[in-house]
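Below, all heavy atoms of this structure are taken into account, side chains as well, without hydrogens, waters or symmetry copies.
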Amino acid sequence: MSKEKAPTPVAGADRPDPAELARVFAEVAERASKVFGDYLKRQAESQRSLATDEFGIAKAFMELWQRMLADPARLAELQIAMMRDYLTLWQNSWLRLLGQPVQPVAAPSQSDSRFKDAEWENNFLFDYIKQSYLIAARHIHDTVSGVQGLPEDTRKKVNFFTRQYVDALAPSNFALTNPQVLRETMKTGGANLVKGLNNLLKDIEAGDGELRVSMTNYEAFKVGENVATTPGKVVYQTDLMQLIQYAPLTEAQFRRPLLIVPPWINKYYILDLRQSNSFIRYATEQGHTVFVISWVNPDAKLAHKDFADYMYEGPLAALDAIEQATGERDVNAIGYCLGGTLLGTTLAYMAAKGDARIASATYFVALLDFSIPGELGVFIDEQQVANLEKRMNERGYLEGSEMGTTFNMLRSNDLIWSFVVNNYLMGKEPFPFDLLYWNSDSTRMPAKMHSFYLRNMYMKNLLRVPGGIEVGGVPIDLAKVTVPSYFISTVEDHIAPWKSVYLGSRALGGPVRFVLGGSGHIAGIVNPPSANKYWYWTNEANPPTPEEWQAGATRHEGSWWPDWTQWIAAQNGDDRVPARVPGDGKLKPIEDAPGSFVAVRLDAKKKAKPARAR
């Protein structure tokens, strides 16, 4: 047991400044009434939605309880096991209090940042609270996941929302049971809690009555100034995108240009955060003439745009523009996440049309087979999609913050609760972090396009089926795509599970190199060689199942970027041209990169207007 005592407030530097405390109190009082009034109105609307059980949560848990009560012996067995663990914890705690060494009954994983503070281990009381919580969490999970006879969709939904409940009740999320918060409260005389309340009010105010937890200092970044800074020009645009051509960083470049198709769920500059981790800059330094699509942030005027429009006005329009800018018909293409799904669809469309302008394709964590949707599948069933379509059709789009909340729930401890503790309990401002700034820069989805995507790909998995969907009146058959393809997936990806990505790679008709990287959907992709992080697996064979591929794979330390560099260089060959400067071809610059489309932030008080289409 630790003998260290929490600091006691005394006169002097450790005491809060009365003038500062009074200022914060006044600021809180000034905004509290209006903000909480708006918040309560919004909550009333939310309660009406919950009453209709839009997510099917009540139905899923009713099925769970029916199954559990049908086997009372099993339920009693689980309860006895939990009681046994609590009795062991009680016994061990007394032994520890008497100075005897004991092993913990329950211990957090090394990656669990909630219990990193030393007091969770050293202080008798906090160690007891921690282990009590972990015992309960483990048995709740075991009980729910062990129920037999549940439909698979119900089982996934129950497991997911049970985890959300258990994570929310962690003792680290409450002031009286978090040693770090208690120390700060004693040190500041409670000023941290007052500042935290002010931060809470600001976040509700910024969300127009809906709580949107701040993840970073948004004032610390500005697109084009300290993120998305690789030099280039917007050389072409449509209603849906601006095409950026980047300035050369080598004296000679590959003859074949490189087109990057990012997702429009998020903005493209995840690939251009800083010079040190910018994939766009890296590819330019390798001698590629890089073009990137920057998608528009759509509003109700674009509600009618469908998946075919994104193909016509996205990659197909970009191919025409690249030929005007460089004189080259053939390009290499990269698709990231949903951009990769669009790229595969576009290649199948082009194959049916006899269009061979894309010579090779690279897929960053992109699904072509949706049979293993991961935890996102919890949010995609007939009831939820129908309700979502109703809301989208009223507005003309899916609100970006709704999508962002869904993704954050996949990693709630890291992307929700850690900020609740930092912002509202510790009373601190969030740390400036470029990746979280990008993560908060949400984008909308046109209603018609998103409905097509959810129903035909996620719910029915028809993209994988030859002729399963039609785009622009053309049946899509991925097997007709014969260009060389490179797939990079990541082992911890919760959005595009690597086994599903692998199955999608086998739907194509050409040669495929599949690579499995470390970490997840973002960190595993934005992993420059200079960081010397993670690892990747390769396998020269492409067996039928992902398990067979993994069994025969070889591990390599570090970034996968050099492996892709070697592969794409082999596709290009030795043909080089003098470095191409944006504007030297038939397309003249419209504006400097990163362009005006990407500058539109939905959380900005004064939204920037996209440049006029031409």
- Answer with yes or no after comparing the ring centroid distance for Phe364 and Trp560 against a 6.0 Å cut-off, counting only values under it. yes
- So, Gln384 and Asn387: side-chain donor and acceptor under 3.5 Å apart, yes or no? no
- Message: Filter on salt bridge (Lys or Arg N to Asp or Glu O under 4.0 Å), then keep only pairs touching residues 131-147, sequence neighbours left out; what's left?
- Response: Asp85-Arg138
Run the side-chain donor-acceptor check on residues 521-535: report pairs under 3.5 Å with partners two or more places apart or on a different chain.
unit_1	atom_1	unit_2	atom_2	d
His521	ND1	Asp493	OD1	3.1
His521	ND1	Asp493	OD2	2.7
Asn527	ND2	Lys533	O	3.2

- Say whether Asp414 and Ser418, considering side chains only, have a donor N or O and an acceptor N or O under 3.5 Å apart. no
Atom pairs and distances, donor-acceptor, side-chain atoms in residues 169-176, under 3.5 Å, two or more places apart:
unit_1	atom_1	unit_2	atom_2	d
Asn173	ND2	Asp167	O	2.9
Asn173	ND2	Ala168	O	3.1

- Message: Ser276: which residues meet the side-chain contact (heavy atoms from CB on, under 4.5 Å) condition with it, sequence neighbours left out?
- Response: Arg274
- Sort and list the pairs that fulfil ring-ring contact (aromatic ring centres under 6.0 Å, His included) and have at least one residue in residues 180-200, not counting sequence neighbours. none
- Message: Any heavy-atom pair between the side chains of Ile135 and Tyr86 that's under 4.5 Å?
- Response: yes
- Message: Assess whether a salt bridge exists between Lys59 and Glu63, defined as any Lys/Arg side-chain N lying under 4.0 Å from an Asp/Glu carboxylate O.
- Response: yes
- Working for side chain to side chain donor-acceptor pair (under 3.5 Å), residues Ser278 and Asp272: CA-CA 4 Å; Ser278 169; Asp272 190 29; 2.7 Å; yes
- Is it the case that Asp369 and Tyr502 place a side-chain donor and acceptor less than 3.5 Å from each other? no
- Message: Restricting to ring-ring contact (aromatic ring centres under 6.0 Å, His included), what partner residues turn up for Trp417, sequence neighbours left out?
- Response: none
